[in-house]
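Worksheet for the structure shown next.
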There are 2 protein chains.
Amino acid sequence: MTTEKMASDIRKEQIVEAALHILSDNEVKKLKITEIAGHLGLAPSALYRHFKNRDAILSAILEHIRGKLYRNLENVRQTKANAIDRLQELLIRHGRLISRNQGIPRIVFSDELWGQEKIKRQRMYRIVSGYLTELEDIIREGQEKGEIRQDIDAGAVAGMFFGIVQPAALLWHMSEGQFDIEDHFTRAWPIFLRLLTGE
Amino acid sequence: MTTEKMASDIRKEQIVEAALHILSDNEVKKLKITEIAGHLGLAPSALYRHFKNRDAILSAILEHIRGKLYRNLENVRQTKANAIDRLQELLIRHGRLISRNQGIPRIVFSDELWGQEKIKRQRMYRIVSGYLTELEDIIREGQEKGEIRQDIDAGAVAGMFFGIVQPAALLWHMSEGQFDIEDHFTRAWPIFLRLLTGE
DNA sequence: AATTAATGTGAAAACATATTCACATAAGGA
DNA sequence: TCCTTATGTGAATATGTTTTCACATTAATT
């Protein structure tokens, strides 16, 4: 009983991972049931044993990504003590996450996900704005401890941090890896740092 | 002879504008020939008198947007003398442009455009990176004149400027206008300014 | 070993959209 | 006015993808 449910969950996970893998090289529009099934050596119809429809698969992918992002955040909170280190570590991890898995920015910023239905768009918005709030908390905490200058708007700073990551992800995609994301982060970090500490 | 060609150009323009209008409320995937034609009171097949296919329409939209962006840049160069004012004005104009026309960020950041064919993606990348280069020039010019501190990387700063605009556009979309883009810019600007001048 | 539930299959149906084509009409130039 | 060309139409046609369904197989449970 538990085993079956487990097995089914594994299949679900496999489907999500196959989909994410396909998204590394293809746009969301090209994420076809047939292709996902093909990757797993299944017939297209088999996927309908695990998901109601294509949409449900997209939702599951979203959930999968949300998990990764938040786990990252949690890890950083635990391994690094002060705000500056946390932010830097987060930037590094983001760089890695995106480099390793192009599908993530592709789906997070895809208008197919946040463009269509209100429900999905709202969920998407909640994930992103929730993430921003977490960043804001880290920054505010740092301000309280005196690690970060107090005369700047924590929300705006969180936005700017996000602004280092997102355009980089986009340019990296567009340029097909030509744009050096790690280098961009390396150059952007000292500037951002100066902003945080005020020299 | 000239008149006919003119008339045809007007139709083309109308088609592009109708498409852009549809994109204000819909994702790129939903930009259907039938809908565009409907907006103009035409039969779908009529569009094929003006464009080879759907792709050609998307390309024309891209060109249209590129024109707007660069005209903006040109205007700012002419109306404002120093780098700081130019950047601030650019930010304001961006806010307006995006607020007025949701279709623009939607298409610029759509993976249907930069995800599919190499040619289109490359064109897209050239537009964006060309724009970044222009920003960089403005910044470098300001550095030479001593308006902007010289110990920061102009490219990275241009990236950060872009990073104020892009995520804001995204969040604004996702939140369906709930996210206050003008306010975001207002709060982000002083921080960015401090970065440029070093207090 | 028999039963049941889960999982998978192939073919067909449903759906959605782009595109073509033969024909119609209108407008401008000779 | 006649001729030519641009523009538009409606009805196919082409294309591509999701989803359903009756039936098969496998694995777990009794």
Side-chain angles (χ1 to χ4, degrees), chain A residues 1-19 21-23 25-62 107 110-113 115-117 120, chain B residues 1-23 25-62 107 110-113 115-117 119-120:
Chain A
M1 179 184 175
T2 328
T3 328
E4 287 130 31
K5 195 128 201 244
M6 274 285 74
S8 170
D9 281 355
I10 288 167
R11 237 327 170 232
K12 276 189 168 183
E13 198 61 21
Q14 286 177 334
I15 292 169
V16 168
E17 265 156 20
H21 182 256
I22 289 166
L23 284 170
D25 307 316
N26 298 286
E27 39 165 337
V28 179
K29 196 188 178 187
K30 284 215 173 167
L31 184 69
K32 285 165 260 184
I33 300 293
T34 314
E35 270 209 65
I36 304 173
H39 265 249
L40 296 167
L42 295 177
S45 51
L47 301 202
Y48 291 84
R49 294 284 171 214
H50 306 281
F51 292 97
K52 201 192 152 219
N53 52 30
R54 182 175 179 273
D55 241 49
I57 296 175
L58 287 178
S59 292
I61 296 173
L62 213 60
I107 201 154
S110 149
D111 69 350
E112 186 165 341
L113 264 176
Q116 197 142 15
E117 298 148 42
K120 248 187 293 179
Chain B
M1 180 185 175
T2 329
T3 328
E4 288 128 31
K5 194 130 201 242
M6 275 286 70
S8 169
D9 281 356
I10 288 167
R11 239 322 172 236
K12 276 189 168 181
E13 199 61 22
Q14 286 177 335
I15 292 170
V16 168
E17 263 154 21
L20 212 44
H21 183 255
I22 289 166
L23 284 170
D25 307 316
N26 298 286
E27 39 164 336
V28 179
K29 196 189 178 186
K30 284 216 173 168
L31 183 70
K32 284 165 258 184
I33 300 294
T34 314
E35 270 208 67
I36 304 173
H39 265 248
L40 297 166
L42 295 176
S45 50
L47 300 203
Y48 290 86
R49 293 284 171 214
H50 306 281
F51 291 98
K52 203 195 150 214
N53 52 31
R54 183 175 179 272
D55 241 48
I57 297 175
L58 287 178
S59 292
I61 297 172
L62 214 59
I107 200 155
S110 148
D111 69 350
E112 184 166 343
L113 264 176
Q116 196 142 16
E117 298 148 43
I119 312 118
K120 248 187 294 178

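Quick note on labels: first sequence line is chain A, next is B, and so on, each numbered from 1.
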Exercise for the section: Would you indicate which nucleotide in C:dT9, C:dA22, C:dA18 comes nearest to any side-chain atom of B:Arg49? Expected result: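 So the side chain of B:Arg49 is nearest to C:dA22.
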
Practice task
Among C:dC21, C:dT9, D:dT19, find the nucleotide with the atom closest to the side chain of A:Ala46.
Solution key: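 Within the option list, the nearest is C:dT9.
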
Euclidean distance, atom [atom1] of residue [X] to atom [atom2] of [N] [Å, nearest integer]:
{"X": "A:Glu35", "N": "D:dT17", "atom1": "CD", "atom2": "P", "value": "8 Å"}
{"X": "A:Ile33", "N": "D:dG16", "atom1": "CD1", "atom2": "P", "value": "17 Å"}
{"X": "A:Tyr48", "N": "D:dT17", "atom1": "OH", "atom2": "P", "value": "13 Å"}
{"X": "B:Ile15", "N": "D:dT7", "atom1": "CD1", "atom2": "P", "value": "10 Å"}
{"X": "A:Lys32", "N": "D:dT19", "atom1": "NZ", "atom2": "P", "value": "15 Å"}
{"X": "A:Leu47", "N": "C:dG8", "atom1": "CG", "atom2": "P", "value": "9 Å"}
{"X": "B:Asn53", "N": "D:dT15", "atom1": "CG", "atom2": "P", "value": "14 Å"}
{"X": "A:Lys30", "N": "D:dG16", "atom1": "NZ", "atom2": "P", "value": "11 Å"}

Handout entry: Student check: side-chain heavy atoms of A:Leu58 and A:Ile107 closer than 4.5 Å
Key =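 A side-chain contact under 4.5 Å exists here.
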
Handout entry: Check: B:Leu31 and B:Arg54 side chains under 4.5 Å, non-hydrogen atoms
Key =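 B:Arg54 reaches B:Leu31 side chain to side chain.
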
Exercise for the section: Report yes if at least one side-chain N or O of A:His50 is closer than 4.0 Å to OP1 or OP2 of C:dA6; otherwise report no. Expected result: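 Indeed not, no polar side-chain atom of A:His50 lies that close.
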
Practice task
Establish, with yes or no, whether the OP1 or OP2 oxygen of D:dG8 is under 4.0 angstrom from a side-chain nitrogen or oxygen of B:Arg11.
Solution key: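 Yes, such a contact exists.
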
So what does [X] touch, heavy atoms closer than 4.0 Å: a base, only the sugar-phosphate, or nothing?
{"X": "B:Ala43", "answer": "sugar-phosphate"}
{"X": "A:Ile57", "answer": "nothing"}
{"X": "A:Arg54", "answer": "sugar-phosphate"}

Problem - Nearest-0.5 Å distance, CD1 of residue A:Ile22 to NE2 of residue A:His39 - result: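 Result: 4.0 Å between the selected atoms.
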
Practice task
Please round to the nearest 0.5 Å and tell me the distance separating atom CG of B:Leu42 and atom CZ of B:Arg11.
Solution key: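 So the gap between those two atoms works out to 4.5 Å.
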
Handout entry: Within 6.0 angstrom of A:His21 NE2, more than 12 heavy atoms from elsewhere
Key =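 No.
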
